[in-house]
Amino acid sequence: MTYTILDELAYRFYGSFFYKNKGSFQDLQVKIRHSHIPMPVDQYLASAFMYSVMVGIVGGVFGLWLGLKTFGDPVSRLSLFVEPIRADIAGKYVYPLAILAGCVLFLAGFFAVFLMAYLYPYFQANNRQAAIDKSMLPAITFMYALTKGGMSIYDVFRSLSRYTYIFGATAEEISYVVRDVDYLGKDFISALKAAKERTPSEVFKDFVDGLIIVSSSGTITDYIKNKSEQYQGMAELANKNLLQRLDVLAEIYVTALVAGPLFIMVTLVVMQFFRPASAQILYMLIYVILPLATLLYLVLLDTVGELSIDPKKGDARSFMINLSDIPELESGLTVEIEQKRKKRYMLYRGLHNLKDLILNPYRTIREEPRYTFFFGVPLGLYYLTKLPKNLKHSLYSSFHNLNISFDHVSDSAIKLVTAVDDYFVIFIVVALIPFVIFYELKAWRMRKIDEQMPDFLKSLSSMNESGIMLASSLKIIAESKMGVLTKELKKLKEDLSWGTPTSRALMKLENSIRTASSSRILHILVKANESTSDLKSVLSITAKQVRNDEDMKKERSSAMVVYVVTIYVSFFVFLFIVYVLATNFFPQTAAFSTSSQGMGGVGGYFNVEEYSMLMFHSALVQAFTSGIVAGKMGQGSALLGLKYSVSMVIITYVVFTMFI
């Protein structure tokens with residue numbers, strides 16, 4: 001995090017106050033340190049206060065403008081205050097009411113931003129704690145593989161710190177220990193004690209506590225092995241607790257974000273007879289509140305623990321080659337010529353990658369599904385160009401004659417939106433379907449590879465117990481049926497047959513498949529093969545860990561199917577009620593409203609087309625957000641929920657197009 005001019009100004013204005021009172025923010029100071037935010041608590045609070053004031057000023061100006069526009073317009077006043085007497089009284093105090101609205105929005109913006117900034121270190125510390133706890137077990141297994149070969153614990157730490165992109169937050173915490181020793185001159189024990197104070201994870205603290213005690217003895221290998229078994233049991237318990245929390249959150253979602261909006265929508269439709277401004281509240285509910293509430297719910301899901309059972313592609317870097325033994329040869333060329341050759345080589349390499357991308361589009365898209373948007377979005381835009389000319393002219397006129405008003409949307413605008421929204425729904429579906437297909441294919445392949453890894457390790461362990469060397473074991477396994485992994489193992493066998501060192505061949509295999517789980521496993525194999533000839537214990541404990549991880553994934557996957565079904569059922573209930581409102585309730589309400597006005601009753605103006613449009617859009621918003629939540633709860637990824645979103649959006653479109 002870099003300091004900006006605003007941060008400097010904030011400290012000049014508010015820094016002295018927060019510095020004098022920083023003793024009152026000790027808990028926040030601890031969380032800032034746990035979050036690895038490089039700011040003292042007084043600077044952090046001063047900056048948060050400055051940004052809060054700025055947002056508050058923007059909100060206050062907007063509130064002042066909105067107040068003048070709302071209270072200064074007779075129609076808008078009458079929409080807010082049903083009784084003409086109250087509307088007339090409000091008209092006499094336009095400026096005080098506008099200033100009051102500005103003050104309210106200033107305070108709302110200020111406190112919202114300051115509260116978010118204040119709570120951010122707490123959320124960040126909790127996320128780091130979950131990430132460290134999740135990555136502790138594979139990191140401990142990696143340490144065991146190296147200590148089994150006789151490597152010192154500090155050298156093990158140094159090796160692990162190089163693989164933060166594989167072993168995650170635990171390796172990052174270890175890297176700070178290495179930094180303290182190598183660059184800050186601390187001894188190993190002092191660096192471990194500093195790591196205890198810096199980490200938010202109680203599991204990591206427990207590991208460091210024990211390591212400080214046994215570091216001077218020769219029992220480090222046994223200690224790490226025991227910790228591996230202990231953390232495996234803790235992982236299973238954490239998985240059960242996570243499923244219990246998800247049960248509660250599923251109930252919260254159905255109640256607060258499905259049944260709740262339905263109840264409010266029906267209530268607001270009925271209130272339209274007595275308070276015309278209820279339509280504006282309905283607009284806010286559908287287009288603002290419901291999407292924001294879903295976003296907050298997704299953030300809440302991220303705080304309960306690691307949900308992902310979707311195998312993600314690891315950030316596998318190129319394997320290192322030791323060139324220290326190769327003598328450097330003088331080329332006899334000048335520096336300028338060398339630079340020109342280097343630029344020419346980089347240009348050739350870029351052109352080669354571009355050529356490979358163009359000539360092998362399927363492989364490129366299979367590896368990176370986001371590239372589907374390069375043809376999905378243009379295809380959707382081409383469909384939008386087929387809009388009728390009258391609709392294009394109406395859209396152009398609407399944008400150039402935009403007039404924001406608090407009262408009801410005009411009938412012409414409603415007819416325009418009703419005619420155009422079908423095209424935009426199809427555009428979204430056309431743009432998303434290619435991405436959904438290729439992303440699901442990629443996720444399926446990654447899952448199948450990870451599912452084969454326990455059998456792969458089990459076969460390696462059995463052959464190692466029989467006295468077969470690792471390279472020979474890999475060649476034999478390559479001839480067996482390992483599902484999706486078979487093709488990659490064939491490549492591994494060819495590399496070994498051509499004399500490629502075993503470690504390098506395994507690193508090439510990692511670069512080829514690159515799932516998060518396989519990257520960790522193959523790195524453990526590589527380091528174990530380099531550090532010890534006795535692979536039996538390492539393979540045994542790694543195979544047991546991977547098998548337990550896959551069993552927990554299957555348990556969570558089967559349990560989370562219930563949440564997906566629950567969300568689908570709640571969506572169909574929502575869609576059915578919206579359908580009943582649009583086909584039966586609204587026409588009867590409009591007829592009753594007309595007859596009541598003719599008889600001088602209390603019925604207000606009721607536009608069937610407007611409310612049918614709102615129901616259609618509410619169903620679309622509910623379909624899209626419900627799909628994302630289903631993917632997040634069912635498979636741990638919002639992107640994997642897009643298939644549910646697209647399917648429910650299509651169902652909604654068909655229902656409202658064909659039956660309403």
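Model, not experiment: these values are computed from the prediction. Start at 1 with the first residue, then count along the sequence.
Evaluation of the ring-ring contact (aromatic ring centres under 6.0 Å, His included) rule for Phe624 yields no partner, not counting sequence neighbours. Partners of Val299 by side-chain contact (heavy atoms from CB on, under 4.5 Å), not counting sequence neighbours: none found. With sequence neighbours excluded, no residue forms a ring-ring contact (aromatic ring centres under 6.0 Å, His included) with Tyr382. For Phe571, there are no ring-ring contact (aromatic ring centres under 6.0 Å, His included) partners at least two apart in sequence or on another chain.
Of all heavy-atom pairs spanning Gly63 and Leu105, the tightest one is CA-CD1, 3.2 Å. Between Ser35 and Pro121 the shortest heavy-atom distance is OG-O, 2.8 Å. Contact between Ala582 and Phe656 at its shortest, heavy atoms only, is CB-CE2, 4.5 Å. Of all the heavy atoms in Val564 and Gly634, the pair that sits closest is CG2-CA, 3.8 Å. Of all heavy-atom pairs spanning Ile132 and Ala169, the tightest one is CG1-CB, 3.5 Å. When all heavy atoms of Pro261 and Ala256 are compared, the closest pair comes out as CD-O, 3.2 Å.
Remark: Leu379 CG to Phe427 CZ distance equals 10.0 Å, nearest 0.5 Å. Leu45 contributes atom CG, which lies 14.5 Å from atom OH of Tyr19 (distance to the nearest 0.5 angstrom). For the atom pair CD1 of Ile37 and CD of Gln29, the computed distance is 12.0 Å after rounding to the nearest 0.5 Å. The OG1 atom of Thr652 lies 13.5 Å from the OH atom of Tyr579; values are rounded to the nearest 0.5 Å. Note: Met284 CE to Leu292 CG = 8.5 Å, rounded to the nearest 0.5 Å. Separation of atoms CG (Leu262) and CG (Leu575) is listed at 10.0 Å; rounding is to 0.5 Å.
Side-chain polar atoms of Glu610 and Tyr283 form a donor-acceptor pair below 3.5 angstrom.
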Requested in this report: In sequence, state the C-alpha distance, the side-chain angles, and the governing distance for Tyr120 and Tyr44, and then conclude on side chain to side chain contact (heavy atoms under 4.5 Å, CB included).
Outcome: CA-CA 11 Å; Tyr120 172 75; Tyr44 183 83; 3.8 Å; yes

**Report entry** Derivation of the side chain to side chain contact (heavy atoms under 4.5 Å, CB included) call for Phe18 and Ser24
**Finding:** CA-CA 9 Å; Phe18 288 112; Ser24 304; over 6 Å; no

Requested in this report: Give the C-alpha distance, both sets of side-chain angles, the deciding distance and a yes or no for side chain to side chain contact (heavy atoms under 4.5 Å, CB included) between Leu298 and Val629.
Outcome: CA-CA 7 Å; Leu298 293 174; Val629 171; 4.1 Å; yes

**Report entry** Check against side chain to side chain contact (heavy atoms under 4.5 Å, CB included), Tyr644 and Gln635
**Finding:** CA-CA 12 Å; Tyr644 305 127; Gln635 294 174 281; 3.3 Å; yes

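Using a 4.0 Å cut-off between a side-chain N of Lys or Arg and a carboxylate O of Asp or Glu, Glu173 and Arg128 qualify as a salt bridge.
Ile252 pairs with exactly one of Thr255, Val248, Val254 by the side chain to side chain contact (heavy atoms under 4.5 Å, CB included) rule, that one being Val248.
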Identify each donor-acceptor pair in which a side-chain atom of residues 615-623 lies under 3.5 Å from a protein atom, sequence neighbours left out, and give them as a table.
unit_1 : atom_1 : unit_2 : atom_2 : d
His617 : ND1    : Tyr287 : OH     : 2.5
His617 : NE2    : Asp421 : OD2    : 3.0
Ser618 : OG     : Leu614 : O      : 3.3
Ser618 : OG     : Met615 : O      : 2.7
Gln622 : NE2    : Leu257 : O      : 3.3
Gln622 : NE2    : Ser626 : OG     : 3.1

Could you give the side-chain donor-acceptor pairs of residues 50-61 under 3.5 Å, partners two or more places apart or in another chain?
unit_1 : atom_1 : unit_2 : atom_2 : d
Tyr51  : OH     : Asp7   : OD1    : 3.4
Ser52  : OG     : Ala48  : O      : 2.6
Ser52  : OG     : Phe114 : N      : 3.1

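When side chains are defined from C-beta on, Glu440 counts as touching Lys643, because their heavy atoms get closer than 4.5 Å. Considering only heavy atoms from C-beta on, Leu246 comes within 4.5 Å of Met633 through its side chain. Contact check for Gln129 versus His34: no side-chain heavy atoms found under the 4.5 Å cut-off. Between Leu639 and Tyr439, the closest side-chain pair of non-hydrogen atoms falls below 4.5 Å. Using a 4.5 Å heavy-atom threshold, the side chains of Arg370 and Phe438 count as separate. With a 4.5 Å cut-off on side-chain heavy atoms, Asp422 and Tyr653 count as touching. The side-chain heavy atoms of Val646 and Val649, taken from C-beta on, include no pair separated by under 4.5 Å. By the 4.5 Å heavy-atom criterion applied to side chains, Tyr14 and Asp42 are not counted as neighbours.
Aromatic ring centres of Phe373 and Phe435 lie closer together than 6.0 Å. Note: Phe49 and Phe110 meet the aromatic proximity criterion, with ring centroids under 6.0 Å apart.
Although no hydrogens or angles enter the test, the distance criterion places no donor-acceptor pair under 3.5 Å between the side chain of Tyr176 and the main chain of Arg198. Remark: the backbone N or O of Pro369 is paired with a side-chain donor or acceptor of Thr372 at under 3.5 angstrom.
Applying the 6.0 Å contact sphere to CZ of Phe123 captures no more than 12 heavy atoms from other residues, nucleotides or ligands.
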